[in-house]
Amino acid sequence: FNEECVLHISCKGAFDAVSLLEKMKPEAQRQTLYSIGIRGIQAAITQDANKLPAHVVFLSDGEPTDPQKYLADVHTLRKKNPQDALKIYTIGFGESGKVNTKGEDFEYLQQLASLGNGHFQRCGSSLESLLGAFTAVSTSISQVRTSSRKRASQELAHSSAYITIPEADEKDETVSSDDAEGEEPEQCQDPFAEQAGTTDKPRRIEFELPSPQKMFKDVDNMELWDKFQAARTTFKFDGKKFTKRPQVTSVYLRQKPFMKGGMRLAFGMLLEEGANTCDPEHWMCGKRILSDVINQNTTSFQAHTNFCKSTAVAQYYASKFRKEFRYNKQRIQFGFLDVELYSPIVTGENGYHFCGEKWLKGHFTKFNSNAGYVNQHEYAEHSELAQAFSHFTFDRSHGELMVVDLQGVCSGEGDNMHFSLTDPQVHSRGAHDRFGRGDLGDQGIRAFFLHHRCGKYCKMLRLKAEYRVCEPTNIIKIPGAQACIELFRGDRNFFRDMRQRCRASSIIVPNEVFKDWQEIKVWATQKGGAMAERLLQDRLEEFYKTAREIVRAPSGLDWPVEKWEEQLKAWATESGAAIVPAPHDWRAVGVSALWVFAGASGTGGATDTWTQRSACWRIRQKLDEEAALKTFNKEPLGAAGGAGS
């Protein structure tokens with residue numbers, strides 16, 4: 001598209017589409033009219049008789065020449081295709097799209113992606129960078145489709161003006177409804193949809209252009225701005241507790257948002273001292289809960305407090321993170337924007353709760369999410385350092401906290417990397433109050449470690465693995481027989497598949513036999529841990545069918561633990577077999593049976609079979625002798641026929 005839109009391919013299979021694309025010779029010419037491209041999207045959607053959800057990749061190398069018209073057409077497009085019917089992913093490319101360029105920030109493409117429930121990718125002019133951007137987009141589309149199929153298989157389709165999202169905030173690329181561990185998914189309203197079925201009709205949101213030069217003007221125009229007195233509260237965290245400091249100020253907030261996240265809307269904002277200047281240093285961004293704006297209420301005080309507390313925790317650990325880099329003779333600029341809570345203080349005034357922070361100019365990049373997503377396609381070195389920070393917060397808080405959902409603007413490379421981050425989320429494990437709906441606790445921490453792989457920064461900071469900090473969520477007892485150990489140690493594919501199926505972040509299997517019952521330890525969600533136990537037990541039962549012989553212990557045999565330990569050692573030495581008393585807690589409840597396995601080789605050959613049978617014979621002989629002796633000792637004298645008559 002440029003000043004007109006041409007639909008070249010419609011409803012074709014992948015191979016046919018590739019063949020047709022190879023024959024095309026597109027040229028970049030004339031004006032960039034985004035509105036024409038938006039109308040082309042709707043024309044392509046109407047071609048699909050099956051009415052499947054549309055995933056759009058929108059590419060451009062510059063700003064639109066028709067910004068006002070484009071925005072009106074986006075509103076129309078989203079109204080016709082609400083909820084999950086449409087996702088728009090945008091890519092800004094060309095020389096100004098390179099990672100560290102000081103050129104344009106593709107603000108309109110970022111806005112289009114946010115309004116289209118997709119995300120924005122920035123790349124340079126090389127084929128390699130464009131391929132990386134497409135890989136990131138295609139990965140997100142695949143994950144969204146997988147998540148949608150899971151939800152569709154569990155829920156009835158909605159035809160109302162509501163969209164079902166999981167509890168995990170705005171990370172729809174990795175979270176599905178079955179990740180919520182049995183909790184009901186939240187209902188989040190679509191800001192573009194006409195709200196049906198209510199007497200008090202909720203507000204339908206209109207957005208404004210994301211141009212700060214146009215946004216931060218005309219502060220006296222009350223048709224564009226809301227002005228009210230507010231309590232401005234700053235939160236600080238010292239590693240154990242929070243402190244807060246309030247003060248009163250006048251705030252100006254634009255009436256229309258310019259950007260949308262999964263849970264909040266972003267508005268242009270000014271404080272009173274910067275209201276009559278044109279200095280960009282005074283530009284700010286106010287963020288309101290989406291449902292508050294749609295339903296026109298002010299019930300979200302606690303939600304905004306949690307956002308501020310999450311940032312305070314992130315700032316505390318970011319300071320420690322930078323300090324430890326200096327100890328290692330490296331310097332990084334890694335920090336989070338100050339975020340403050342604003343609340344109305346005058347009764348009857350048209351105010352509301354919201355969070356405010358400095359205006360952050362640049363291309364936003366998401367490095368990870370609160371549901372386990374890890375960005376592996378953009379800014380590889382920056383992303384590795386961001387993942388190390390999340391791991392660092394877990395390690396230095398002794399497993400009680402983890403800061404995730406790292407996003408913001410980054411630049412530089414090597415020892416000159418720079419991060420300005422915003423909107424972090426904290427997962428907590430009980431030492432602190434929950435940090436809002438996005439705090440997934442143990443489940444969120446497990447999800448991070450499921451995808452995280454320690455790199456050079458984790459090793460430099462000597463960060464401990466999850467299993468060295470937290471107790472396992474599940475422990476599966478296995479017999480202390482070498483053949484049993486080799487069953488699990490020798491099949492890496494089994495554990496790789498199980499780790500993915502059960503969403504287990506860590507699995508520890510013993511290397512050798514050092515006691516009669518060994519432990520396989522699993523770190524997973526409640527549901528995933530239960531599945532891991534079933535899979536391991538099923539595999540053990542198959543193994544037992546051919547590898548185990550059982551010798552039942554006589555019911556009346558009441559040897560003390562020391563006697564059993566002595567006899568087990570003697571039998572093992574004499575026979576060379578592995579002999580395991582059952583059940584695993586036999587020291588507390590007594591021995592009900594002895595499980596006999598082949599020797600250390602565990603090959604299942606004739607020698608192993610003979611060793612196993614020989615051990616069983618020795619055990620039965622000894623147990624029978626003990627049972628007979630005990631029976632004899634219990635019989636009273638003269639019971640065999642009256643010897644004194």
Side-chain angles (χ1 to χ4, degrees), residues 1-66 69-70 73-74 76-78 80-81 84-99 101 103-104 106 108-113 115-146 148-149 173 363 376-378:
F1 71 92
N2 40 40
E3 295 174 3
E4 61 180 357
C5 181
V6 179
L7 183 62
H8 291 277
I9 303 168
S10 176
C11 303
K12 298 290 186 183
F15 293 109
D16 291 337
V18 168
S19 178
L20 292 169
L21 281 170
E22 289 174 344
K23 297 175 183 177
M24 289 173 52
K25 297 185 181 298
E27 295 182 5
Q29 57 184 359
R30 300 193 289 180
Q31 298 183 86
T32 304
L33 299 181
Y34 277 21
S35 61
I36 298 298
I38 298 301
R39 294 177 188 179
I41 293 172
Q42 183 58 47
I45 290 174
T46 58
Q47 295 288 318
D48 180 17
N50 295 319
K51 305 299 181 186
L52 296 173
H55 295 267
V56 176
V57 182
F58 190 100
L59 299 93
S60 180
D61 62 350
E63 294 186 351
T65 54
D66 57 343
K69 190 167 181 55
Y70 132 79
D73 285 336
V74 170
T76 301
L77 178 68
R78 289 290 285 117
K80 291 181 178 179
N81 304 275
D84 286 338
L86 172 66
K87 287 190 178 291
I88 302 175
Y89 305 85
T90 61
I91 296 177
F93 63 93
E95 288 301 315
S96 60
K98 291 181 178 178
V99 171
T101 183
E104 60 187 294
F106 296 105
Y108 292 91
L109 285 178
Q110 291 192 59
Q111 182 188 52
L112 177 57
L115 301 187
N117 291 332
H119 65 76
F120 167 73
Q121 292 290 137
R122 180 176 184 171
C123 66
S125 55
S126 70
L127 183 61
E128 181 181 5
S129 62
L130 193 60
L131 178 61
F134 267 100
T135 300
V137 168
S138 62
T139 300
S140 293
I141 291 174
S142 298
Q143 290 169 335
V144 168
R145 283 177 170 172
T146 300
S148 298
R149 281 195 294 269
E173 62 265 29
H363 160 221
Q376 298 174 333
H377 305 290
E378 276 188 295

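No experiment lies behind these values; they were computed from the predicted model shown.
Counting heavy-atom neighbours within 6.0 Å of Lys23 NZ, excluding the residue itself, gives a total of 12 or less.
Using modelled atom types, one finds no donor on one side chain facing an acceptor on the other under 3.5 Å when comparing Asp73 with Gln42.
You'll find the side chain of Thr76 stays beyond 4.5 Å of the side chain of Ile38, heavy atoms only. Residues Tyr89 and Gln121 have side chains not in contact (no heavy-atom distance under 4.5 Å, counting atoms from C-beta outward). Put simply, the side chain of Ser60 reaches to within 4.5 Å of the side chain of Thr32, judged on heavy atoms. In this structure, Leu115 and Ile88 have side chains that are not in contact, with every pair of non-hydrogen atoms separated by 4.5 Å or more. Residues Asn117 and Arg78 have side chains in contact (heavy-atom distance under 4.5 Å, counting atoms from C-beta outward). Between Phe58 and Ile91 the shortest side-chain heavy-atom distance does not fall below 4.5 Å. Looking at Leu109 and Gln111, their side chains never come closer than 4.5 Å, going by heavy atoms from C-beta outward. By the 4.5 Å heavy-atom criterion applied to side chains, Val6 and Phe1 are not counted as neighbours.
Asn81 places no side-chain N or O within donor-acceptor distance of the main-chain N or O of Ala85, the cut-off being under 3.5 Å. Listed for the Asn2 side chain is a donor-acceptor partner under 3.5 Å among the backbone atoms of Glu4.
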Hey, can you pull the donor-acceptor pairs under 3.5 Å for the side chains in residues 7-21, sequence neighbours left out?
none

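In this structure, Ala113 and Thr90 approach most closely via the heavy-atom pair CB-OG1, 3.5 Å. Of all the heavy atoms in Cys5 and Gly40, the pair that sits closest is SG-CA, 3.4 Å.
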Run Phe120 and His363 through ring-ring contact (aromatic ring centres under 6.0 Å, His included) and show every step you take. CA-CA 9 Å; Phe120 167 73; His363 160 221; 4.9 Å; yes
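Applying the side-chain contact (heavy atoms from CB on, under 4.5 Å) test to Asp66 and every residue at least two apart in sequence or in another chain returns Leu33, Tyr34, Ser35, Pro64, Lys69, Tyr70. In this view, Glu22 satisfies the salt bridge (charged side-chain N to carboxylate O under 4.0 Å, His left out) rule with no residue, not counting sequence neighbours.
How far CZ of Arg30 is from CD of Glu3: 5.0 Å, rounded to the nearest 0.5 Å. How far CG of Leu112 is from CG of Leu77: 8.5 Å, rounded to the nearest 0.5 Å.
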